[in-house]
Amino acid sequence: MITSDILSDSHKYIMNTYSRQPLVLVKGRGVKVFDSDGREYLDFVSGVAVNNLGHCHPRVVVAIQKQAQRLMHVSNHFHNEPQINLAKALVSNSFADKAFFCNSGTEAIEAAIKLARRYSREVLKQDRYEIITMRGSFHGRTMGALTATAQEKFHKGFEPVVPGFRYVPFDDIPAVEHAVNEHTCAILVEPVQGEGGVNVPSAGYLKALRDICDKNNILLMLDEIQTGMGRTGKLFGYEHEGITPDVAAIAKGLGSGMPIGAIISTDKAAQGLTPGSHGSTFGGNPLACAAALASLETLLEDNIIIQAVEQNGRHFMERLEHLKEKHSFIKVVRGKGLLIGMELDVPGKDIVSACLKEGFLINCTMDTVLRFMPPLIITTEEIDQLVDVLGTIFEKR
Ligand SMILES: Cc1ncc(COP(=O)(O)O)c(C=O)c1O
């Protein structure tokens, strides 16, 4: 089928919820993807921070193939080994004691919201239900996660939103202190805001939030959906700050492309989630868990990838900083590891299209922030290739 026909069928049969590039991707290997006309691209989007190990990592592919031949799905009325092994690996490599599995980031946030309310009601026996979230956050599209997302543009037309959320500015500790009241059960925050424009809070922010939570007996819940699985140079974003949360929501890079999400939690915070209180048909199914376990093991092996993220992230930022010195329309470069934003004082859409023409996939968020989140296996040379192309595009503006 020729590309124009595929695109025409896409417009005809698929709901119009995304503004997509006119590109049909058919194959991926490592950092490269290929379109239906055989063109090759270097991928600095990674399916929005999902393909952290690159496309079709051989170890993940083999794990999926083996598991698909053995057992793909069983109900959570029964135990399955890949789910248990994945939970064990996540617990061994984090602050957490327990995991709950679902299928996406937004579902992980729903689970976190439910955990927090149940903990307050059933364990603390208090009338606490309110969750404090941060302006500019993004937590997902289902109604609870959508309401947690403190950006009204995402709520528009879907009201009424869910009661029990309070919004405060990001990176503003006095505002959080002021917002806490006798009904607060949790604070939910991204260690680095991704969709909100790659906003990195001041050093000590998570620690100060941890202190507020401890003082008021409320849960600190981190949305590590974008920052987790090595993206910032550590397995989880909180590790940079020397604190531990009570709960973390993860998804995206967890399955290297296999849809899976989870919350990981301390035993204490998880107490309220008793049998029948929450669940998911597909959550923790053997196929997704086998893929996630192979991904996690690969990511952790000798720490190689995570170390490379720190080094390449620094190099990438330095090179983007050089571009900033040359071009006054670049306002700021910021990020952590390989989650990097470049804020412009003009819309970034045309630059995304220009990069595409040159064979590079990049992303733009909040209209003016170019966002770079390549696979963690990207090389310095590949980063240089993109920055050189960006330099040429910027010169022509
Ligand atoms: C920080 C964060 N939380 C939650 C989500 C929602 O995840 P999903 O699209 O898998 O539901 C996203 C997705 O971009 C995200 O970046």
Side-chain angles (χ1 to χ4, degrees), residues 15 17-20 44-52 100-116 131 133-151 153-155 158 162 165 167 170-171 186-201 205-206 220-232 235-238 245 247-264 280 282-285 288 291-292 295 335-341 362-366 369 371-374:
M15 282 195 202
T17 58
Y18 303 99
S19 33
R20 299 180 204 251
F44 283 75
V45 180
S46 306
V48 193
V50 167
N51 305 106
N52 287 7
F100 169 84
F101 293 105
C102 51
N103 315 287
S104 64
T106 200
E107 284 173 76
I109 296 296
E110 297 295 336
I113 295 167
K114 289 179 78 176
L115 174 149
I131 299 178
T133 68
M134 312 304 160
R135 291 269 167 211
S137 58
F138 185 84
H139 297 295
R141 304 281 190 166
T142 50
M143 287 310 290
L146 183 73
T147 311
T149 296
Q151 297 194 63
K153 70 179 185 199
F154 291 109
H155 301 175
F158 297 115
V162 178
F165 289 84
Y167 308 141
F170 186 55
D171 200 15
I187 293 172
L188 173 65
V189 62
E190 296 155 84
V192 175
Q193 288 188 336
E195 304 299 309
V198 192
N199 303 316
V200 185
Y205 179 58
L206 292 186
L220 179 61
M221 308 205 293
L222 297 183
D223 180 340
E224 292 262 13
I225 290 162
Q226 195 157 141
T227 51
M229 314 324 292
R231 175 63 43 196
T232 67
L235 186 59
F236 299 109
Y238 69 81
V247 179
I250 53 178
K252 288 195 183 280
L254 178 60
S256 292
M258 189 59 97
I260 180 167
I263 48 170
I264 53 176
S280 161
F282 290 122
N285 104 2
S295 305
K336 207 161 221 170
L338 285 173
L339 177 57
I340 299 177
I362 68 164
N363 172 261
C364 178
T365 187
M366 303 298 278
V369 182
R371 186 171 40 159
F372 309 100
M373 43 197 161

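Counting starts at 1 for both ligands and their atoms, in listed order.
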Query raised in the report: Just which atoms of ligand 1 are under 4.0 Å from any heavy atom in E190?
Result: 1 (C)
Has the side chain of [X] got a donor or acceptor atom that lies under 3.5 Å from a matching backbone atom of [Y]?
X	Y	value
Q151	G196	no
T133	A148	yes
E224	P191	no
T149	H139	yes

Can you pull out the closest protein heavy atom to [atom]? Residue, atom name and distance to 0.1 Å, please.
atom	result
atom 11 (O) of ligand 1	T106 N, 2.8 Å
atom 3 (N) of ligand 1	D223 OD2, 2.6 Å
atom 14 (O) of ligand 1	K252 NZ, 3.0 Å
atom 10 (O) of ligand 1	G105 N, 2.8 Å
atom 16 (O) of ligand 1	Q226 NE2, 2.7 Å

Report task. Go through the steps for R371 and E195 under the test salt bridge (Lys or Arg N to Asp or Glu O under 4.0 Å), then give the verdict. Result -> CA-CA 9 Å; R371 186 171 40 159; E195 304 299 309; 2.7 Å; yes
**Report entry** E195 and ligand 1 - part of the residue with a heavy-atom distance under 4.0 Å
**Finding:** side chain
**Report entry** Sub-3.5 Å N/O-N/O distance, F138 and ligand 1
**Finding:**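 There is such a contact, yes.
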Requested in this report: Check the angle between the aromatic planes of H155 and Y167 and answer parallel, tilted or perpendicular using the 30° and 60° thresholds.
Outcome: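 Aromatic pair H155/Y167 classed tilted.
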